[in-house]
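Worksheet for the structure shown next.
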Amino acid sequence: MPINRSLLAIPFLTIMCLAIGGAFSPSQMITSPCRGPDSFSAAQIAHLQGLMVSTNPSDSAFLRDVHLPRVTGSAIQLVTTDSVCSLVVQTWTQVDTLTHPPLTSLYVIQVGPAYDAIDAQNSGGEYSQHLVLDSLFHYQAPYLF
Amino acid sequence: MCRSSTAVLQNFVFRICISAVVACVETPTGPLHVRPPAPSRSVAGPLGSYPIPIAPTNAVNGGALLEQGTGIYIPDNSTVTIMVTGNVDLAKVPGYSGNVYIDDAVRAGQSIPPWGVYDHGTANGQLQVTLPNAANPAPGLDSILITMHVNTGFELHVARNGIPGGQTCLSPGGEVTCDSLGNTVSSFAVAGGYKLTSNQTITVTRLEDDVTLTAVVSTGAKGRSVTFTPHADYPGGAMNWTWTPDSGSAQTAACSYGANPCITNVYESGWMDVYYQINAHDGQPAMARHAKAHVTTVDCPTGDSLLDRPDFRKLFAQIYDSAGPTLPFTQRREYGGWLYLNPNTDTLIYKPFSLTGATPCSLNVTPYDTTVSPAWLIAIPHAHPADTGTVVPPGVCPQAPLGGYVGRGPSDHDDALAVSQLLPVYAVDSKTIYRTTGPGQHAEWPRVSACTIF
């Protein structure tokens with residue numbers, strides 16, 4: 001099957017534009033969709049790990065309501081793989097039409113087969129917005145913590 | 001013939017009456033962090049003085065100064081000296097002869113009694129002091145010094161009667177009858193007596209308590225064992241122990257005489273008093289001093305020294321109610337503020353955050369209130385009107401536009417606030433009280449279980 005040269009030219013031009021744009025506009029540099037490890041993510045992971053071992057009935061109900069599986073503590077990890085985070089961001093922006101501009105990066109915590117995504121950019125009050133996604137990055141439930 | 005052939009002055013009484021006005025203020029104990037119980041140590045210094053005027057009706061045959069306030073207020077739980085100074089100049093009425101004897105006289109400089117609690121605290125309460133025995137009253141009688149301990153503060157009142165003169169009934173030739181004033185029967189005449197001719201001054205000075213009493217643990221469950229330990233600057237020993245409940249009848253038993261320390265089970269909030277004898281030292285006579293310590297009992301003790309304060313429980317309940325937890329969700333507001341503890345009075349001071357910008361799920365942490373020392377900050381209490389498991393509708397919480405289930409407190413922002421302010425953050429929702437001092441450093445208590453916190 002012949003290769004359409006125009007199709008090859010588009011990604012090439014895209015890459016060149018991004019590279020040039022990045023060189024002259026640092027603020028628009030391509031950033032990782034994964035928020036890296038820090039004290040916030042550590043606290044969130046610790047909280048999730050606490051939920052998993054909690055015997056409080058309200059915690060069990062909460063996990064069930066937000067579709068988070070009960071897993072071992074070691075199965076809760078911060079995701080740093082851009083391709084995974086990109087898919088999470090994609091789902092988030094589809095669900096969240098209220099946040100402007102749309103989010104470009106998130107804390108993504110893998111909870112067994114599920115993902116817990118957290119927007120820490122807009123936190124200014126008591127809670128942060130969380131979204132739970134399943135293993136196929138389908139939106140499951142929102143929650144606040 | 002006269003009923004009495006000698007001039008006898010039978011009633012020479014000089015009285016200073018001290019009555020009381022009740023002034024009682026409770027200062028609860030039990031700080032946030034475990035710290036030594038606050039001892040009941042007084043601050044020494046003059047409390048005031050008052051010139052006792054001569055009664056307007058001062059005369060040989062009496063004259064009284066009605067009870068009047070001195071403007072000197074003696075505080076609760078204080079040891080004071082009350083000194084009456086100034087010459088009691090008495091004018092001898094011509095014709096008088098004989099001595100004056102006064103029962104129960106108090107000699108200058110003597111403390112009466114060496115220890116004890118005087119009757120006071122009621123409108124009729126009265127401390128009566130008589131002048132020293134003076135065989136031959138003359139100008140310049142000794143002053144009077146009283147050392148006393150006051151449990152319940154009052155304003156010092158003074159009054160005194162006049163100094164009636166003695167009467168000699170004269171009978172040139174037969175029986176006469178003298179009336180009490182001696183001036184209505186022509187056959188006798190006033191023959192002796194005294195009257196005041198100068199003012200005196202009553203001066204009150206608060207002594208520095210050199211005995212303190214500590215209670216461990218001062219706040220906690222009903223029926224717990226509390227150890228009361230007196231501390232003195234000089235050798236001595238505990239004597240009487242007295243337990244006074246804040247209200248109602250006492251179930252708590254005070255310790256027996258001489259116990260040291262006093263260990264007893266406390267069943268209701270109240271004061272434990274101890275009288276402590278300080279041995280003679282440095283030329284000072286042995287003297288009893290007094291100290292007291294307050295103990296608080298609460299239902300549902302948590303072990304958290306702030307949450308076990310009744311005043312904090314009351315405040316925290318008000319904070320929760322202020323968040324409007326029963327209002328429609330969109331009308332609720334997180335409510336909270338800075339909590340200070342005045343270490344001098346052991347009282348809480350609450351300065352709420354501005355409600356501007358607050359939402360059902362966010363709090364606007366405003367700067368410290370500069371009218372209160374930041375060193376007095378002890379906690380950040382606030383209310384979560386959104387319960388765990390509540391579903392927040394979309395668009396209500398700005399920082400969480402999608403809403404969703406509310407996680408169990410304390411929130412991550414509570415953790416962050418505790419870390420940034422180096423203060424414990426307390427949160428309360430409809431069912432639970434939370435405390436965080438940082439991520440993973442949480443404690444929580446159900447508001448209602450077998451007992452009720454609030």
Side-chain angles (χ1 to χ4, degrees), chain A residues 38-51 53-68 73 91-100 102-103 107 109 116-133 139-145, chain B residues 323 332-336 353 357-365 382-420 425 427 429-432 434 436 438-442 444 446:
Chain A
D38 55 19
S39 60
F40 178 81
S41 62
Q44 294 295 325
I45 290 172
H47 173 69
L48 286 168
Q49 290 173 331
L51 280 176
V53 297
S54 171
T55 57
N56 189 316
S58 65
D59 287 336
S60 298
F62 179 77
L63 289 174
R64 184 186 65 244
D65 291 339
V66 301
H67 300 270
L68 278 173
T91 300
W92 186 296
T93 54
Q94 289 172 354
V95 172
D96 180 8
T97 59
L98 298 173
T99 301
H100 297 285
L103 300 178
Y107 289 97
I109 299 173
D116 185 346
I118 311 165
D119 169 20
Q121 294 179 5
N122 297 304
S123 64
E126 182 76 43
Y127 305 99
S128 296
Q129 180 76 67
H130 292 237
L131 287 189
V132 177
L133 283 62
Y139 166 67
Q140 297 297 303
Y143 79 90
L144 284 70
F145 179 74
Chain B
R332 301 177 194 177
R333 295 291 180 269
E334 286 210 1
Y335 190 74
F353 299 143
T359 73
C361 42
S362 65
L363 195 63
N364 180 19
V365 179
H382 70 296
H384 287 176
D387 275 329
T388 299
T390 298
V391 179
V392 176
V396 173
C397 298
Q399 82 282 14
L402 299 177
Y405 291 91
V406 175
R408 196 153 60 90
S411 70
D412 59 325
H413 291 268
D414 293 337
D415 289 340
L417 185 61
V419 170
S420 66
V425 173
D429 59 27
S430 69
K431 300 180 182 65
T432 309
Y434 308 92
T436 174
Q441 299 174 359
H442 299 166
E444 65 179 64

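Naming convention: chains lettered A, B, ... in sequence-line order (proteins, then strands); numbering from 1 in each chain.
- Contact of B:His382 with chain A is made through the side chain alone, with heavy-atom distances under 4.5 Å.
- Using the six-membered ring where Trp is involved, A:Phe145 and A:His47 have ring planes that are parallel, under 30° apart on the 30 and 60° scheme.
- Side-chain contact check for A:Tyr139 versus A:Thr91: some heavy-atom pair is nearer than 4.5 Å.
- Interface remark: B:Asp415 contributes no atoms to any contact with chain A (heavy atom separation under 4.5 Å).
- B:Val392 touches chain A through its side chain: at least one heavy atom from C-beta onward sits under 4.5 Å away, while N, CA, C and O do not.
- Side-chain atoms of A:Gln140 never come within 3.5 Å of backbone atoms of A:Val132 as a donor-acceptor pair (strictly under, hydrogens ignored).
- For A:Leu131, the part sitting under 4.5 Å from any heavy atom of chain B is the side chain, from C-beta outward, and nothing else.
- Per-residue counts of heavy-atom pairs under 4.5 Å with chain B were compared for A:Asp96, A:Leu98, A:Asp65, A:Val95; the largest is that of A:Asp65.
- Considering B:His413, B:Gln399, B:Glu334 as possible partners of B:Ser362, the one that fulfils the side chain to side chain contact (heavy atoms under 4.5 Å, CB included) test is B:Gln399.
- Residue contact with chain B, scored on non-hydrogen atoms closer than 4.5 Å, is absent for A:Ser39.
- The backbone N or O of B:Val425 sits nowhere less than 3.5 Å from a side-chain atom of B:Asp414 that would complete a donor-acceptor pair.
- Closest of all the heavy-atom pairs between B:Pro385 and B:Pro360 is CG-O, 3.5 Å.
- Looking only at side-chain heavy atoms (C-beta outward), B:Arg408 and A:Ser54 come within less than 4.5 Å of each other.
- Only the side chain of A:Gln44 comes within less than 4.5 Å of a heavy atom of chain B; its backbone N, CA, C and O stay farther away.
- Your options are B:Ala358, B:Gly407, B:Gly403, and the one with the most heavy-atom pairs under 4.5 Å with chain A is B:Gly403.
- Among the candidates B:Ala427, B:Gly404, B:Ala386, the residue making the largest number of heavy-atom pairs closer than 4.5 Å to chain A is B:Gly404.
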